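Everything numeric in this text was worked out from a predicted model, so none of it was measured. The first residue of the sequence shown is numbered 1, and numbering continues consecutively from there. Atom set for the values below is all heavy atoms of this structure, side chains included, hydrogens, waters and symmetry mates excluded.
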Amino acid sequence: MQVHGIALAALLAPVTFIGVAQAASNPTVTFAQVNDTASSDGLTLTNNGVSSATLNTSVATGDMVSFTYENVANLPNYLSGQLSAVELINNGAGVTTTAQASGGNGGYDVQAFNSPFTISYLLAGRATGQNNLLTVTITPKLAGGNGMTIIGPDGGQSFSSSATNQANASYTETFSSDFLKFQANSTLTAGWVSSALNPDLEIDPDGLLSDFTADIVATFSSNPPPAFIPEPGTVALLGAGLAGLTMVLRRRRA
């Protein structure tokens with residue numbers, strides 16, 4: 001989750017983690033939505049007390065979330081509707097930053113993350129086969145440079161963050177999925193918005209945000225929208241079926 005480029009959706013309508021303005025003639029299409037399950041407070045930030053802070057889910061095995069694909073044609077039934085998924089940051093290790101936060105004094109607190117990281121949403125309960133519903137990778141373009149940023153009102157109970165793959169960003173952002181194919185040169189955006197922040201957002205004396213837990217919602221968009229790609233097993237089964245049908249037709253002709 002790149003905290004760099006975060007717009008406070010709760011404050012800046014609707015500013016999502018990815019909230020990057022798009023030209024009206026070239027709009028992005030929402031293809032996925034994520035919501036925390038009932039009051040799970042799945043996201044945590046831990047101030048390590050040594051001028052570093054770590055963003056992670058409440059447990060290393062991930063936060064349970066509700067994941068929904070939207071505006072994706074030809075989805076099979078098992079990928080339709082609300083899906084139970086696991087949200088993981090850096091495969092459970094979380095992302096640590098040493099970047100100093102800015103703001104405070106009643107304004108907006110801004111915390112950048114200067115390390116590369118991934119935020120993954122994995123289909124829960126799938127023991128075999130592909131399970132990567134979506135993975136967002138954010139990497140600062142410069143060593144130690146800012147990637148994702150979270151921003152929220154000092155003393156407030158919410159924040160937002162956004163990421164994009166536009167050339168003027170100070171980081172790179174990519175999407176990957178076992179089920180979706182993104183066209184080359186697609187415009188990609190991602191946004192996260194918090195609620196139920198506990199305690200209120202503030203900056204510690206060491207210059208980084210203080211500890212908090214929060215619920216998160218997320219929105220992911222692409223222009224053009226991604227296409228569904230069948231699993232290899234499905235393609236193989238279809239190929240076998242076509243081969244069998246061809247043999248039957250040949251025998252009948254003979």
Side-chain angles (χ1 to χ4, degrees), residues 1-9 12 15-22 28 30-34 42-46 52-57 60 62-63 65 67 85-102 109-122 132-152 159-178 180 182-194 208-209 212 214 216-223 226:
M1 177 185 294
Q2 180 156 356
V3 177
H4 185 101
I6 290 177
L8 183 57
L12 307 177
V15 176
T16 56
F17 232 58
I18 292 184
V20 173
Q22 301 294 326
T28 58
T30 297
F31 69 85
Q33 297 269 6
V34 172
L43 192 71
T44 68
L45 185 135
T46 303
S52 68
T54 300
L55 185 72
N56 204 356
T57 52
D63 178 33
V65 297
F67 185 102
V86 178
E87 180 184 57
L88 283 175
I89 301 177
N90 272 351
N91 295 318
V95 55
T96 298
T97 183
T98 57
Q100 292 287 289
S102 62
D109 296 340
V110 181
Q111 177 69 69
F113 286 75
N114 53 8
S115 301
F117 67 98
T118 61
I119 298 177
S120 299
Y121 299 93
L122 309 178
N132 176 23
L133 294 167
L134 180 68
T135 292
V136 180
T137 300
I138 300 172
T139 305
K141 290 181 179 177
L142 300 176
N146 290 337
M148 183 182 78
T149 301
I150 58 177
I151 178 173
F159 68 79
S160 68
S161 178
S162 63
T164 177
N165 67 340
Q166 292 185 345
N168 60 356
S170 62
Y171 52 85
T172 61
E173 179 211 44
T174 60
F175 289 172
S176 63
S177 172
D178 287 337
L180 303 180
F182 298 90
Q183 295 186 31
N185 302 317
S186 294
T187 298
L188 307 175
T189 57
W192 296 264
V193 178
S194 78
L208 287 88
L209 290 181
F212 65 69
I216 290 291
V217 298
T219 302
F220 305 96
S221 305
S222 176
N223 180 35

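With hydrogens and angles left out, the side-chain atoms of T97 and N114 include a donor and acceptor closer than 3.5 Å. Using modelled atom types, one finds no donor on one side chain facing an acceptor on the other under 3.5 Å when comparing T118 with T137.
Using bins of under 30°, 30° to 60° and over 60° for the plane-to-plane angle, the ring pair F159/F212 lands in the tilted bin.
Using a 4.5 Å cut-off on side-chain heavy atoms (C-beta onward), S170 and P140 make no contact. No side-chain heavy atom of F175 sits less than 4.5 Å from a side-chain heavy atom of L180. T164 is listed as a side-chain neighbour of Y171, based on a closest heavy-atom distance under 4.5 Å.
Atom CZ of F67 sits about 8.5 Å away from atom OH of Y121, to the nearest 0.5 Å. Rounded to the nearest 0.5 Å, atoms CD1 (I89) and CG (N91) are 11.0 Å apart. In this structure, CD1 in I151 is found 8.0 Å from OG in S102, a value given to the nearest 0.5 Å. With rounding to the nearest 0.5 Å, the separation of OG1 in T30 from CG in N223 is 11.5 Å. Going from atom CG of N56 over to atom CG of L88 covers 8.5 Å, rounded to the nearest 0.5 Å. Summarising the geometry, atom OG1 belonging to T44 is positioned 7.0 Å from atom CG belonging to L55; distances are rounded to the nearest 0.5 Å.
S186 places no side-chain N or O within donor-acceptor distance of the main-chain N or O of S222, the cut-off being under 3.5 Å. In this structure a side-chain-to-backbone donor-acceptor pair under 3.5 Å is missing from D63 to T57. In this structure a side-chain-to-backbone donor-acceptor pair under 3.5 Å is missing from N90 to G92.
Considering every non-hydrogen atom in both Q166 and T187, the closest pair reads NE2-CG2, 4.3 Å. The heavy-atom pair separating A99 from N146 by the smallest distance is CB-OD1, 4.2 Å. Between F182 and S177, the shortest heavy-atom contact is CE1-CB, 4.5 Å. Across L208 and Q111, no two heavy atoms sit closer than the pair CA-OE1, 3.5 Å. Contact detail for T96 and S52: the closest heavy-atom pair is CG2-CB, 3.9 Å. Here the closest non-hydrogen pair linking A85 and L133 is CB-CD1, 3.8 Å.
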